Engineer: 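First, the structure itself, so that you have it in front of you.
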Amino acid sequence: MVHHIQYNMEEKPLIMDVHLDLSMNAMEWNRDLRWSIDEIRASEQGMTDKPDRGRGTVSFGALREGNVGIVVGTQIARYSKKSNEMPGASWNSPEQAWAQTQGQQAWYEVMEFDGRITQITNGKELENHLQAWEKDPIETPIGLIRSLEGADSIISFDHLQKACKDGLRAIGPAHYGPGIYAQGTDATGGIGRKGRELLREMERLNIILDATHLCDDSFWDALDYFNGSVWASHNNCRALVPHNRQFSDQQIKAIIDRGAVIGVALDAWMLTEEWIRGESTPESENVTFEDVVDHIDHICQLAGDALHVGIGSDLDGAFGTEQCPKDLNTIADLQKIPEILQERGYDDEDIENICSQNWIQFLKNAWDV
Ligand SMILES: [Zn+2]
């Protein structure tokens, strides 16, 4: 008997987006995500401190409009010995980076107090949220799972334990460049003793390893040492767009063997080979959601099924509409992905899995529900 999913293309499928720097936008871009996209953009007219001013795509309202009912929100603060040109803020000490992540956490907490989000830390809370959202997607707060992008801010394992107690559920040990625990994008080298100790403690605390941003050496080291759950929150395919930030087919297969789900990201340079930073525009390179679905499809072809890919858009991750698919105005346009998948012959169950269920099943497995 064919398993029948109650899914109607006329209704927007639930979307889970596993990589959004929500608190970074609130704390470093000074964006109040309770405002509409138009209000946020208008408030930034004439500002030149960030390249994406006036071109943001994420607000609580836009998430709701796209039926993005559950997200992973990051805390992000890097330590680097010398200031660099890498994306995202770098701090001069791990202590400053820790304090920055604590401010970001405070923002998530106060948004929960304000009824905009609800923190999810275990299987029961996940189930309750999904039921509540299905019943009332208008009033139910958006589900939020917290992840740390780059672990430099973990000063000691007491700090890690505190973060875990406060609800942190995933960690990407590195971001851009060299890190304390692992080497990130554009860097080289393995994870070393500190990295191994971090992974051991993460495993003990049942924290998910986010393999995104690990350089190749650290990626393979981390997979060797870590026995817990692995996902890649925002990662595209090197076979389609060559760059060390992207996964090779061998890497994709290796984490799929570990039960991973890989979130495709919407940063334009990761979608199309021709992108030249600072020169190209979404129009000049004709970057669209079709390119996003190319990366989704590539992962499905390698996996042999549609069970290991999802969405980790990274929208407003220090870029706006100037570096997005040209057919994206706000995050609500993620709903174009199911339409294109359907055109390419993916069935309703595949589409539902890619939009949200693969992540949800992953979390149920990780949290042992
Ligand atoms: Zn990132």
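Numbering of ligands and ligand atoms starts at 1, following listing order. Predicted model only: the values in this text are computed from it and were never measured.
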Engineer: Side chains of Asp17 and Trp359 only: does a donor on one sit below 3.5 Å from an acceptor on the other?
Structural biologist: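 No.
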Engineer: Could you tell me whether Arg344 and Asp297 have a side-chain N and a carboxylate O separated by less than 4.0 Å?
Structural biologist: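 No, this pair does not count.
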Engineer: Show all protein N/O/S atoms under 2.8 Å from the Zn ion (ligand 1), or state that there are none.
Structural biologist: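 Near the Zn ion (ligand 1), the protein supplies Glu149 OE2, His213 NE2, His234 NE2.
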Engineer: Flag the pair Glu201 and Arg204 as a salt bridge only when some basic side-chain nitrogen lies within less than 4.0 angstrom of an acidic carboxylate oxygen.
Structural biologist: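 Salt bridge present between Glu201 and Arg204.
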Engineer: Say whether Thr212 and Asp210, considering side chains only, have a donor N or O and an acceptor N or O under 3.5 Å apart.
Structural biologist: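 Indeed, the side chains of Thr212 and Asp210 share at least one donor-acceptor pair under 3.5 Å.
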Engineer: For a quick check under 3.5 Å, do Gln361 and Asn365 share a side-chain donor-acceptor pair by atom type?
Structural biologist: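 Note: Gln361 and Asn365 side chains meet the donor-acceptor criterion.
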Engineer: How would you list, by chain and number, every residue that makes a salt bridge (Lys or Arg N to Asp or Glu O under 4.0 Å) with Arg55, sequence neighbours excluded?
Structural biologist: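 Residues passing salt bridge (Lys or Arg N to Asp or Glu O under 4.0 Å) with Arg55: Glu322.
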